[in-house]
Amino acid sequence: MRAGPSQEEIRRQNLGALLRYVHVHGATARSELTTMLRLNRSTIGALTADLAAAGLVGEGLPNQTGRAGRPSLVVRPESERVYAYALSIEVDRLLAARVGLGGRILDQRQADRPRGSAPGDAVAPLAAFVKEMHHAVPPGSRYVGAGVAVCGLVRRADGMVLLTPGGGWVDRPLGAALAAELDGDGTITVGNAADVAALAEYTRGAAAGCENFIYLYGDVGIGAGILAGGRRVTGHGGYGGEVGHMVVHPGGWPCGCGSRGCWETEIGEYGLLQATGRQGGSGREAVLAVLDAAARGDAQAQTGVRHVGDWLGFGVANLVNIFNPEMVIFGGTLRDVYLAAAAQVRSRLNSMALPACREHVRLRTPGLGDDAPLLGAAELAFEQFLADPLASEGEPAA
Ligand SMILES: [Zn+2]
């Protein structure tokens with residue numbers, strides 16, 4: 001029979017819970033921490049003192065107090081001093097940021113990325129961004145690790161990228177390549193862009209407090225981050241959520257994965273441009289131009305957008321039946337497609353999804369906009385650190 005957790009284990013769990021709370025909610029009064037974490041005042045005081053001694057939180061008086069009497073001290077995350085690097089490899093751009101505890105972007109870099117280029121080509125420019133930002137880090141800062149969001153199929157164990165939208169099948173050990181380039185001791189965690197964007201929306205976006213939701217992310221391809229019972233559905237190897245390759249139209253278009261009629265061939269960028277007679281275009285601007293034409297009354301664009309909205313609703317109805325989510329969020333290009341074709345999506349949902357599964361589902365656009373994959377990459381790094389914040393002192397990267 002296993003003995004219960006030791007006093008020390010409980011203390012470490014509580015340290016993580018307190019730090020996570022102020023990471024997610026920002027400066028928080030001690031009285032609120034007592035209530036929300038269900039710990040007594042003296043325990044909160046002792047935990048706060050330990051985290052403050054490690055330089056992870058600061059304490060002070062609240063900025064304003066509307067109530068009479070002695071104000072409760074607030075506990076703040078040390079956002080300026082405790083940080084992670086967040087990197088995002090997107091279809092058309094590369095992003096790098098230094099993100100402070102509490103999710104605050106302290107420094108940021110961005111570059112265009114040629115379409116269809118190999119994920120490995122992103123390593124050198126991203127590493128250069130990190131080194132550049134590292135020069136500006138104040139002395140005495142604490143580095144906790146790095147997270148990377150990649151549009152592609154990613155193996156969780158080592159960050160191997162296997163399939164990229166527009167680039168087909170590849171075999172790139174991205175995590176190891178970045179670690180070698182950065183020459184740092186911190187952990188580098190690589191995740192699929194839709195998965196980590198969902199994590200960001202769950203932590204501080206549209207899905208805050210939602211234990212069951214689906215975040216659909218569209219660019220050239222379609223990915224999903226799925227939370228079920230408060231846990232990310234990543235599957236055995238990390239490849240879960242590849243809803244873009246769910247076959248919806250067996251006689252349909254060939255897909256970059258080698259199959260035919262995958263959902264992304266109907267609702268991805270190519271599908272939308274094809275359906276609206278804009279075969280020559282590509283990129284977010286082309287998608288927005290078609291939706292704009294539809295809004296202005298262009299008949300061919302309107303028919304195409306309705307067609308794509310219908311396919312979007314078709315897949316969403318199936319996902320709703322499988323996962324019974326509280327919310328479906330449409331991100332990337334799907335945000336704009338959904339806003340232009342919400343009636344078709346809703347109509348498919350109403351006719352195809354089981355009433356019990358669709359009754360409570362809310363259809364939403366993201367709370368964090370296009371920064372969600374970048375902010376989610378930071379959360380990947382913080383997630384590990386927050387599990388046991390006093391475990392070890394991180395070494396700076398680069
Ligand atoms: Zn496919």
Side-chain angles (χ1 to χ4, degrees), residues 88 90-93 95 110 112-113 115 149 151 165-166 193-194 196-198 200-201 205-207 213-225 241 243-244 248 253 262-317 319-320 325 327-349 361-376:
S88 183
E90 302 177 10
V91 169
D92 294 313
R93 60 179 192 165
L95 296 171
Q110 180 174 336
D112 290 338
R113 176 173 182 239
R115 282 220 157 181
C151 57
V196 302
E201 291 288 346
F213 74 94
I214 298 172
Y215 177 97
L216 293 172
Y217 184 81
D219 45 46
V220 177
I222 304 294
V243 300
V248 297
W253 303 102
C262 294
W263 196 26
E264 70 179 42
T265 65
E266 297 292 346
I267 66 166
E269 191 184 291
Y270 177 79
L272 178 72
L273 297 174
Q274 188 81 16
T276 50
R278 264 71 168 181
Q279 287 87 338
S282 72
R284 187 73 172 266
E285 279 73 41
V287 169
L288 291 176
V290 166
L291 298 175
D292 187 50
R296 283 186 287 102
D298 178 313
Q300 192 184 19
Q302 282 179 340
T303 308
V305 169
R306 279 199 295 269
H307 175 81
V308 171
D310 195 45
W311 277 116
L312 178 57
F314 184 99
V316 168
L319 293 173
V320 163
M327 185 183 286
V328 177
I329 303 174
F330 299 92
T333 53
L334 287 185
R335 172 189 178 276
D336 307 303
V337 172
Y338 166 68
L339 289 175
Q344 280 72 35
V345 176
R346 193 39 96 173
S347 159
R348 271 289 185 187
L349 194 61
V361 71
R362 287 171 285 162
L363 306 182
R364 288 276 186 281
T365 55
L368 302 171
D370 290 338
D371 278 342
L374 184 72
L375 292 171

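For this chain, numbers begin at 1 and follow the sequence in order.
Contact detail for Gly225 and Ala198: the closest heavy-atom pair is CA-CB, 3.8 Å. Annotation for Asp92 and Gly283: closest pair OD2-CA, 4.4 Å, computed over non-hydrogen atoms. Taking every heavy atom of both residues into account, Val243 and Ala224 meet most closely at CG2-CB, 3.5 Å. Counting all heavy atoms, side chain and backbone alike, Ser88 lies closest to Pro373 at OG-CB, 3.7 Å. Annotation for Ala194 and Gly223: closest pair CB-C, 3.6 Å, computed over non-hydrogen atoms. Between Ile329 and Ala206, the closest heavy-atom pair is CD1-CB, 4.0 Å.
Considering only residues two or more places apart in sequence or on other chains, Gln302 meets the side chain to side chain donor-acceptor pair (under 3.5 Å) condition with none of them. Every residue two or more places apart in sequence or in another chain was checked for a salt bridge (charged side-chain N to carboxylate O under 4.0 Å, His left out) with Arg362, and none qualifies. For Ala340, the side chain to side chain contact (heavy atoms under 4.5 Å, CB included) test picks out Leu291, Val305, with sequence neighbours left out. Residues passing the side chain to side chain donor-acceptor pair (under 3.5 Å) test with Glu266, sequence neighbours excluded: His249, Trp311. Residues satisfying the side chain to side chain donor-acceptor pair (under 3.5 Å) test with Asp292, not counting sequence neighbours, are Arg296. Residues passing the side chain to side chain donor-acceptor pair (under 3.5 Å) test with Arg348 are Asp310, sequence neighbours excluded. With sequence neighbours excluded, no residue satisfies salt bridge (charged side-chain N to carboxylate O under 4.0 Å, His left out) with Glu201. For Arg278, the side chain to side chain contact (heavy atoms under 4.5 Å, CB included) partners at least two apart in sequence or on another chain are Leu273, Thr276, Val290, Ala293, Asp298, Gln300, Ala301. With sequence neighbours excluded, the residues forming a ring-ring contact (aromatic ring centres under 6.0 Å, His included) with Tyr338 are Phe330, listed by chain and number.
For the atom pair CD of Gln344 and CG of Leu349, the computed distance is 13.0 Å after rounding to the nearest 0.5 Å. Rounding to the nearest 0.5 Å places CZ of Arg364 at 13.0 Å from CZ of Phe213. One distance of note links CZ of Phe314 with CG of Leu319; it measures 11.0 Å at 0.5 Å rounding. Here the CZ atom belonging to Arg93 is positioned 11.0 Å from the CG atom belonging to Asp219, to the nearest 0.5 angstrom. To the nearest 0.5 Å, atoms CD1 (Ile222) and CG (Leu312) are separated by 8.0 Å. Taken from CG in Leu272 to CD in Gln274, the straight-line distance is 10.5 Å, to the nearest 0.5 Å.
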Are Val337 and Val308 close enough, and set up right, to give a side chain to side chain contact (heavy atoms under 4.5 Å, CB included), and what steps lead you there? CA-CA 8 Å; Val337 172; Val308 171; 3.9 Å; yes

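Val316 has its side chain out of reach of Val361: every pair of non-hydrogen atoms, C-beta onward, lies at least 4.5 Å apart. Side-chain contact between Arg115 and Val220: present, with at least one pair of heavy atoms (C-beta onward) separated by less than 4.5 Å. Put simply, the side chain of Tyr215 reaches to within 4.5 Å of the side chain of Pro366, judged on heavy atoms. Residues Val345 and Val328 have side chains not in contact (no heavy-atom distance under 4.5 Å, counting atoms from C-beta outward).
Between the side chain of Thr365 and the main chain of Arg335, no donor-acceptor pair closer than 3.5 Å is present.
The side chain to side chain donor-acceptor pair (under 3.5 Å) analysis of residues 279-291, with sequence neighbours excluded, yields the pairs Arg284-Asp336.
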